[in-house]
Amino acid sequence: LWAGADPNASASVAPVDSGAAVQAVDAQAQQQRRREIVFVDAAVPDAQKLIDGILAQRSDSADIEVVQLRGDSNGLQQISDVLAGEHDIDAVHIVSHGESGRLWLGNGLVDVRALQQHGGFGAWQGALEADADVLLWGCNVADGAAGQAFVEQFAAATGADVAAST
């Protein structure tokens with residue numbers, strides 16, 4: 001060990017508890033793992049095949065949970081209900097049908113007006129990390145002025161960075 005140029009300097013070596021060191025490394029790795037939830041609307045063609053593919057592609061760097069939204073109730077509310085029990089989420093993916101400025105979730109249409117009227121975004125804000133992402137996977141959702149307004153409203157409501165398909 002380097003003791004420097006001082007002849008009176010000393011250094012000591014203490015035994016390392018290798019079990020504790022491994023636990024510390026495992027805890028650090030767990031903290032660095034991304035936590036993501038993928039919501040798949042029931043109306044998406046081959047939804048179960050898509051879900052199976054997502055689950056098969058999971059890596060050791062992320063914990064990914066997949067939730068299939070029911071077609072018989074409000075999709076935004078279903079997502080809010082799930083997120084109410086979560087924390088430290090790095091990303092939310094929403095896979096659904098869409099068009100410029102609109103998503104179809106559950107039994108309804110989600111547009112700027114629906115975002116403004118939905119009262120459950122507190123659950124999203126409580127569940128998401130400060131730098132979390134919301135990714136909207138629906139055809140042309142962010143396309144045009146209506147799409148951009150929708151994405152901006154979604155970001156304002158959730159407090160997350162929002163990206164959507166064009």
Side-chain angles (χ1 to χ4, degrees), residues 27-166:
Q28 183 180 14
Q30 284 285 33
Q31 289 175 348
Q32 292 176 352
R33 287 175 62 105
R34 289 182 53 84
R35 293 193 62 225
E36 301 184 18
I37 301 179
V38 180
F39 293 94
V40 179
D41 189 72
V44 170
D46 296 321
Q48 190 57 53
K49 188 174 184 180
L50 176 65
I51 291 168
D52 293 343
I54 292 167
L55 294 174
Q57 297 296 320
R58 288 187 291 191
S59 70
D60 291 336
S61 64
D63 289 327
I64 299 175
E65 178 182 350
V66 180
V67 176
Q68 186 168 10
L69 300 175
R70 297 180 324 276
D72 63 351
S73 64
N74 182 300
L76 275 181
Q77 189 59 53
Q78 289 179 63
I79 294 171
S80 295
D81 291 345
V82 169
L83 292 179
E86 297 288 344
H87 58 85
D88 303 325
I89 302 297
D90 296 298
V92 167
H93 303 260
I94 300 173
V95 182
S96 70
H97 286 292
E99 63 182 42
S100 180
R102 298 178 180 183
L103 288 174
W104 278 267
L105 290 176
N107 66 358
L109 176 68
V110 179
D111 57 11
V112 169
R113 183 173 173 209
L115 293 175
Q116 292 168 341
Q117 293 177 347
H118 181 65
F121 285 115
W124 295 55
Q125 294 164 355
L128 298 174
E129 286 284 336
D131 61 347
D133 301 311
V134 174
L135 305 155
L136 307 174
W137 302 96
C139 292
N140 305 317
V141 171
D143 197 32
Q148 290 302 306
F150 180 76
V151 169
E152 290 169 11
Q153 182 66 38
F154 216 109
T158 61
D161 297 327
V162 177
S165 303
T166 55

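Between Val44 and Ser96, the shortest heavy-atom distance links the atoms CG2-CA, 3.7 Å. Smallest separation of non-hydrogen atoms from Thr158 and Gln125: O-CG, 3.2 Å. Here the closest heavy-atom approach between residue Ala42 and residue Gln68 is recorded as CA-NE2, 3.8 Å. When every heavy atom of Ser80 is checked against every heavy atom of Ala123, the shortest pair comes out as O-CB, 3.5 Å. In terms of heavy-atom proximity, Gln148 sits nearest to Ala142 at NE2-O, 2.9 Å. Considering all non-hydrogen atoms of both residues, Ser165 and Gly138 come closest at CB-O, 3.2 Å.
Around atom CD of Gln117, more than 12 heavy atoms belonging to other residues, nucleotides or ligands sit under 6.0 Å away.
Considering only heavy atoms from C-beta on, Phe39 stays 4.5 Å or farther from Asp41 through its side chain. For the pair Val162 and Phe150, the minimum side-chain heavy-atom distance is 4.5 Å or more. Side-chain contact between Ile37 and Ile79 is absent, with no heavy atoms from C-beta onward closer than 4.5 Å. Looking only at side-chain heavy atoms (C-beta outward), Leu76 and Leu115 come within less than 4.5 Å of each other. Contact of the Arg34 side chain with the Asp133 side chain is registered, since non-hydrogen atoms from C-beta on lie closer than 4.5 Å. Looking only at side-chain heavy atoms (C-beta outward), His97 and Pro45 come within less than 4.5 Å of each other.
The line from CG of Asp52 to CD of Gln57 is 11.5 Å long, rounded to the nearest 0.5 Å. Between the CG atom of Leu69 and the CH2 atom of Trp104 there is a distance of 15.5 Å, given to the nearest 0.5 Å. Here the CD1 atom belonging to Ile94 is positioned 9.0 Å from the CG atom belonging to Leu135, to the nearest 0.5 angstrom. Residue Arg102 holds its CZ atom at 6.0 Å from CG of Asp111, rounded to the nearest 0.5 Å.
The backbone N or O of Ala132 lies less than 3.5 Å from no partner atom in the side chain of Asp90, so there is not a single donor-acceptor pair. Of the possible donor and acceptor atoms, none in the side chain of Gln153 sits under 3.5 Å from a partner among the backbone N and O of Gln116. Using modelled atom types, one side-chain atom of Asn107 and one backbone atom of Asn74 make a donor-acceptor pair closer than 3.5 Å. The closest donor-acceptor contact from the side chain of Ser100 to the backbone of Asp143 lies under 3.5 Å. With Glu36 contributing its side chain and Ile89 its backbone, the two residues share no donor-acceptor pair below 3.5 Å. Panel note: side chain Arg33, backbone Asp60; a donor-acceptor pair is recorded below 3.5 Å. Not a single donor-acceptor pair under 3.5 Å links the side chain of Glu129 to the backbone N or O of Ala91.
Under 4.0 Å is where a charged nitrogen must lie from a carboxylate oxygen, and between Asp72 and Arg70 at least one such pair does. Comment: Arg35 does not engage Asp88 in a salt bridge, judged by the lack of any side-chain N to carboxylate O separation of less than 4.0 angstrom.
Classified by interplanar angle (parallel below 30°, tilted 30° to 60°, perpendicular above 60°), the ring pair His93/Trp137 is parallel.
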